[in-house]
There are 2 protein chains.
Amino acid sequence: MAGRRVTINDVASLAGVSIATASKALNGRQDVRASTRERVLAAAAELSFQPNALARGLLSGQTRTVGLLTSDSVGRFGIPVLLGAEDAFGAGEMAVMLCDARGDAIREQHHLRALLSRRVDGIIVVGESTNPRPSVSKDVPVPVVYAYGPSDDPEDVSFVPDDVGGAAMAVEHLLALGRRRIAHVTGPRHYKAARDRAEGLRIALEAAGCEQAGETMWGSWSQRWGRHAAEMLLMAEPGVDAVFCGSDQVAAGFVEAARERGRSVPGDIAVIGYDNWEVLSTETRPALTTVDMNLELLGRTAAQHLFAAMDGRATPGVHRMPCHLVIRDSTAAA
Amino acid sequence: MAGRRVTINDVASLAGVSIATASKALNGRQDVRASTRERVLAAAAELSFQPNALARGLLSGQTRTVGLLTSDSVGRFGIPVLLGAEDAFGAGEMAVMLCDARGDAIREQHHLRALLSRRVDGIIVVGESTNPRPSVSKDVPVPVVYAYGPSDDPEDVSFVPDDVGGAAMAVEHLLALGRRRIAHVTGPRHYKAARDRAEGLRIALEAAGCEQAGETMWGSWSQRWGRHAAEMLLMAEPGVDAVFCGSDQVAAGFVEAARERGRSVPGDIAVIGYDNWEVLSTETRPALTTVDMNLELLGRTAAQHLFAAMDGRATPGVHRMPCHLVIRDSTAAA
DNA sequence: TACGTTTCCGAAAACCTTTTAGTTCTCGGG
DNA sequence: CCCGAGAACTAAAAGGTTTTCGGAAACGTA
């Protein structure tokens, strides 16, 4: 909390050289005698000199800073993506500016302007769901990469989890366990995530020549709905031997209600969730088998491709990132 | 993704004035004729001019940017604080640079240097627990405010939840319901949060002239421990009529195990959690009465006090922010 | 007309660093 | 001793904005 910031000028004076030489010495450039370099470095250390990134950025046009614009309230899905991105960037010397638009388009524009006036080198937009969202790339003179929620412009660079594949993987696991009467309880139909997962289920069942047990039950992403659905389903389709749930919350509710109704999990009914939200999936009893969307990897990948785009090597299109299955007790072999 | 950035020079030329006049017009300064100002504004709008924050910051020494340094992996507690801070800043024109040190002191130093070289105007440090953490303020030429985890230097500005008060509030609620045999199940003893909450319990009981039922049960912050503790406690102290749990996870486990052992909640045993982690507290059955630490408010307050400190009005000391009780079904009246 | 006052505008400095294009130094060879 | 080449160094410009200060224009008064 003190005095004037120390500049390269101070370092140069202390070392008894010009600022040009000091700059070269500090940046490891040629054309400076070893002994001189040493003197400059010593002076810089003594004054604990920190080059002013603003001045440097003004000159080079590169701030080594990227913006991260989230539309949800950095919720369940934004966090891991953010962490992955921060991770990828942090490895170099990048800094991340975080903006949360709270789902408000006006605020988003505002944040976008703020980021641009600070001359970020690129922007990652994190969606609140996997539903496509309006592109911002046209208004923006730097590369943009979309993570989790893709842009509605196919020319943009987007990374989304492969929900169809993830769901198919889950159902194939159930089939491999010998389950044949498989039901599906999931979230609201207007979520692309819910529709994609239902589609994955359909594909896997069809490939196995198997019928779905009952209709897909659309509801909400809540534990409450999982419980409610369990009650209805066990009444309507008593022969069900497996349930693929659209989220861990739904699955947790389902498991609880099923057990209360005297059905053992996984004995009578195997249950699979989605998200691998560990506070739920590892703490329910039995612990949930679930699909992990590798969100942190997704974030890291998005960041790496933002780097590439900043480097002129853009990779347009919607890239689907594979999910993986985390097998726990709720689908243990009989 | 196009051409050279437009500068104030372009605006000035288009408006047919000097850059000095353009600057004054754009910044609402005096000494510029109304008609001229209009011309400049029109030119700026036409070119969609964005002033270069780097140049501005270089000159003014103010970047209108703050750093947010978290030590945990932006975990359970960092998020709300971050949101609150972003909220407080976003109202003005502040931007937030996010750095996650992953609990590593080296990385923290690294991030700190990165923030300082970018000339942030201030820094918020978010702790991973309420245990005091090493101060960084000496090495830093800008104001620092600590949120959630206080600095170990009492001259620094820290904001922490008032866990003692929160716990007392919870216990008073139990007492008001007529419960007298109150037990305590909590997390590891090396967490100050756990110790503070136990202390709040002691104070409230003492004020009511009431004995604690059994010893405080130290364990971990997990649902598993809650279940385990419930089994032990119901065996050892069958007369218990209320349990104050050190976290919602512990409480959720406790409730589950108690119900399985045939004790009704809240009929036989009232249960209170801590944290108001909504995914747990609203979804367990019965829904948990719990202590909410107002973390988002805490973050916002920290941000506001950082503003004050940047303005030369620092407020040294460890400020304890009040918690509030969220009453749900797990302590409903008999 | 001369002069003083306002009002408005523009030239230039300042912020800090990097890079370019010299300039000086050193030293070996003639 | 001088020259030339290469190494080591420096002055200055550039990057975009704000601010200060001086100057010009416009206008009113004597």
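Below, chains carry the letters A, B, ... as their sequence lines are ordered, and counting in each starts from 1.
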- Using the closest heavy atom to pick a nucleotide of DNA chain C for each, name whichever of A/Arg56 or A/Asp31 lands nearer the 5' end. A/Arg56
Figure out the [atom1]/[atom2] separation between [X] and [N], and round it to whole Å.
| X | N | atom1 | atom2 | result |
| --- | --- | --- | --- | --- |
| B/Lys24 | D/dT17 | NZ | C1' | 13 Å |
| B/Gln30 | C/dT7 | CD | P | 10 Å |
| A/Gln62 | D/dA14 | CD | P | 21 Å |
| A/Leu58 | D/dT18 | CG | P | 12 Å |
| A/Ile8 | C/dT19 | CD1 | P | 11 Å |
| A/Leu26 | C/dT18 | CG | P | 8 Å |
| A/Asn52 | D/dG15 | CG | P | 18 Å |
| B/Leu54 | C/dT18 | CG | P | 14 Å |

- Check every atom of C/dT17, C/dG10, D/dT17 against the side chain of B/Leu59 and return the nucleotide holding the closest atom. D/dT17
- Query: Of the candidate nucleotides C/dT19, D/dT17, D/dT20, which contains the atom at the shortest distance from the side chain of B/Ile19?
  - Reply: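 When the side chain of B/Ile19 is considered, D/dT17 is the closest of C/dT19, D/dT17, D/dT20.
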- Query: Charged N to carboxylate O below 4.0 Å: is that the case for A/Arg313 and A/Asp311?
  - Reply: yes
- Using a strict 4.0 Å threshold on nitrogen-to-oxygen distance, state whether A/Asp100 and A/Arg102 make a salt bridge.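 A salt bridge is present here (some side-chain N lies under 4.0 Å from a carboxylate O).
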If the cut-off is 4.0 Å, is [X] near the phosphate of [N], judged by side-chain N/O to OP1 or OP2?
| X | N | answer |
| --- | --- | --- |
| B/Asn9 | D/dT17 | no |
| B/Ser18 | C/dC9 | no |
| A/Arg29 | C/dT19 | yes |
| A/Arg33 | D/dC9 | yes |
| B/Thr21 | C/dG10 | yes |

- Message: Which residue is it: A/Val142, A/Ile123, A/Ile124, A/Val96? I am looking for the one with a side chain to side chain contact (heavy atoms under 4.5 Å, CB included) to A/Val66.
- Response: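 One option only clears the test, and that one is A/Val96.
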- Task: Identify, between A/Arg119 and A/Arg39, the residue whose nearest nucleotide on DNA chain D lies closer to the 5' end.
- Result: A/Arg39
- In a check of side-chain hydrogen bond (donor to acceptor under 3.5 Å, both in side chains) between A/Ser135 and each of A/Asp156, A/Asp152, A/Asp153, which one passes? A/Asp156
- Message: By the 4.0 Å heavy-atom rule, please label B/Thr36 as base, sugar-phosphate, or nothing.
- Response: sugar-phosphate
- Message: By the 4.0 Å heavy-atom rule, please label A/Thr7 as base, sugar-phosphate, or nothing.
- Response: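 Touches sugar-phosphate only.
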- Task: Please work out which of the three classes, parallel, tilted or perpendicular, describes the rings of B/His319 and B/His305, given edges at 30° and 60°.
- Result: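 Plane angle between 30° and 60°, so tilted.
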